[in-house]
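Worth saying up front: this structure is predicted, and the values here are computed from it rather than measured.
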Amino acid sequence: MENIFRYSIKAIIIHEGKLLVESCDYGRGRFCKLPGGGHQWGETMEQALIRECREELNLEVQPLQLVLARDYIAKNHHTVVDEPCFHQAELMFRCKVNDFSPLGNGCEPDSDGQQILWIPLDRLEDSDFVPKAIIPYLKNIDAIQQTIVLGDVN
């Protein structure tokens with residue numbers, strides 16, 4: 001199989017102590033993740049994030065701060081979710097949303113069975129949210145003053 005590399009821009013949306021996530025199933029098992037997706041040629045990171053949140057969540061977001069960056073090199077993590085040839089760099093932005101009323105599957109949900117969920121921050125460890133490695137940072141996000149580069153974590 002051919003090696004795959006992509007950049008993904010992710011939204012961290014926290015409201016009333018809960019994290020907004022997408023629950024997806026790509027035919028290899030259901031899991032929850034941050035909304036967002038592929039960065040397209042010619043887009044700024046912020047433009048990509050705004051487009052992805054509009055497409056997936058039907059929400060208008062305002063990117064505030066690049067909080068976390070990570071590599072995900074699938075061959076190092078032995079999951080059933082991704083092929084070993086998959087490598088993704090993720091840039092995770094804390095976002096503000098002024099109006100949650102349009103929240104729902106957008107025009108291009110991330111998978112056929114996409115569900116949009118709110119997970120309380122204090123229940124993330126017990127959920128199927130990935131990557132687990134970012135949970136401590138999400139729970140203490142107000143203390144993050146500059147971007148944290150996590151390396152190849154899951």
Side-chain angles (χ1 to χ4, degrees), residues 4-72 74 79-83 86-144 147-150 153-154:
I4 300 166
F5 175 77
R6 69 187 294 246
Y7 277 99
S8 183
I9 310 297
K10 301 287 188 178
I12 299 171
I13 302 168
I14 297 173
H15 182 67
E16 297 179 351
K18 298 176 183 173
L19 178 68
L20 183 62
V21 300
E22 296 174 345
S23 177
C24 299
D25 185 344
Y26 299 105
R28 300 178 300 270
R30 183 165 286 281
F31 62 96
C32 290
K33 64 179 188 63
L34 294 175
H39 190 184
Q40 296 178 356
W41 189 91
E43 286 182 316
T44 66
M45 289 180 264
E46 282 113 357
Q47 288 169 335
L49 186 61
I50 290 166
R51 175 186 51 76
E52 285 288 341
C53 288
R54 190 177 299 129
E55 289 174 357
E56 295 177 2
L57 306 172
N58 200 38
L59 280 183
E60 295 297 324
V61 301
Q62 177 185 353
L64 300 176
Q65 174 191 9
L66 176 57
V67 177
L68 300 169
R70 81 160 178 149
D71 277 296
Y72 170 69
T79 69
V80 296
V81 176
D82 292 303
E83 296 291 332
F86 184 70
H87 177 184
Q88 179 165 278
E90 293 180 352
L91 303 171
M92 297 170 249
F93 285 81
R94 187 172 190 181
C95 295
K96 178 181 176 182
V97 175
N98 290 323
D99 181 9
F100 286 101
S101 64
L103 178 62
N105 282 345
C107 61
E108 294 183 36
D110 220 30
S111 69
D112 289 340
Q114 173 181 291
Q115 298 171 357
I116 298 166
L117 305 172
W118 289 98
I119 301 177
L121 290 172
D122 61 2
R123 307 243 355 247
L124 281 173
E125 289 96 345
D126 301 325
S127 73
D128 59 356
F129 176 80
V130 292
K132 295 285 187 206
I134 72 169
I135 292 173
Y137 299 99
L138 295 174
K139 292 173 78 172
N140 199 25
I141 199 163
D142 291 332
I144 298 175
T147 305
I148 298 170
V149 179
L150 299 169
V153 298
N154 198 30

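When all heavy atoms of P102 and D99 are compared, the closest pair comes out as CD-O, 3.5 Å. Taking all atoms of both residues into account, the shortest heavy-atom contact from Q47 to G42 is OE1-O, 4.0 Å. Heavy atoms only, all atoms of each residue included: R70 and P131 are closest at NH1-CB, 3.4 Å. Annotation for D71 and H87: closest pair OD1-NE2, 2.9 Å, computed over non-hydrogen atoms.
Annotation: side chain of E43 is not in contact with side chain of E52 (no heavy-atom distance under 4.5 Å). You'll find the side chain of L138 reaches within 4.5 Å of the side chain of I12, heavy atoms only. Side-chain contact check for K96 versus V61: every heavy-atom pair is 4.5 Å or farther apart. At least one side-chain heavy atom of I13 sits under 4.5 Å from a side-chain heavy atom of L57. Two residues are said to be in side-chain contact when any heavy atoms from C-beta on lie closer than 4.5 Å; Y72 and V130 fail this criterion. Contact check for L19 versus L34: side-chain heavy atoms found under the 4.5 Å cut-off. Side chains of P63 and I50 form a contact here, defined as non-hydrogen atoms less than 4.5 Å apart. Between F93 and L64 there is no side-chain heavy-atom pair separated by less than 4.5 Å.
More than 12 heavy atoms of other residues, nucleotides or ligands sit less than 6.0 Å from atom NZ of K132. With a 6.0 Å radius and a threshold of 12 heavy atoms from other residues, nucleotides or ligands, F86 has its CZ atom above the threshold. Within a 6.0 Å sphere centred on CZ of R6, other residues, nucleotides and ligands contribute more than 12 heavy atoms.
Residue F129 holds its CZ atom at 4.0 Å from CD1 of I134, rounded to the nearest 0.5 Å. Rounded to the nearest 0.5 Å, atoms NE2 (H39) and OG (S8) are 10.5 Å apart. Atom CG of residue L121 and atom CD of residue E16 lie 12.0 Å apart, to the nearest 0.5 angstrom. Atoms CD and CD1, from Q65 and I144 in turn, are 7.0 Å apart once rounded to the nearest 0.5 Å. Of the inter-residue distances, the one linking I119 atom CD1 with C32 atom SG reads 4.0 Å to the nearest 0.5 angstrom. With values rounded to the nearest 0.5 angstrom, I9 atom CD1 is found 9.0 Å from T44 atom OG1.
Side-chain atoms of R30 come within 3.5 Å of backbone atoms of S23 as a donor-acceptor pair (strictly under, hydrogens ignored). With N58 contributing its side chain and L103 its backbone, the two residues share no donor-acceptor pair below 3.5 Å. Using a distance-only test at 3.5 Å, with no hydrogens or angles considered, a donor-acceptor pair links the side chain of E56 to the main chain of G36. In terms of modelled atom types and a separation under 3.5 Å, the side chain of T147 and the main chain of L66 share a donor-acceptor contact. When atom types are taken as modelled, the side chain of R54 and the backbone of L59 share no donor-acceptor pair closer than 3.5 angstrom.
For E46 and R51, the salt-bridge test fails: no basic side-chain N is under 4.0 Å from an acidic carboxylate O. Salt bridge status for D142 with R94: present, with a side-chain N to carboxylate O gap under 4.0 Å.
A distance below 6.0 Å separates the ring centres of F100 and H15.
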C24 and K33: side-chain contact (heavy atoms from CB on, under 4.5 Å), yes or no, with the steps? CA-CA 8 Å; C24 299; K33 64 179 188 63; 3.9 Å; yes
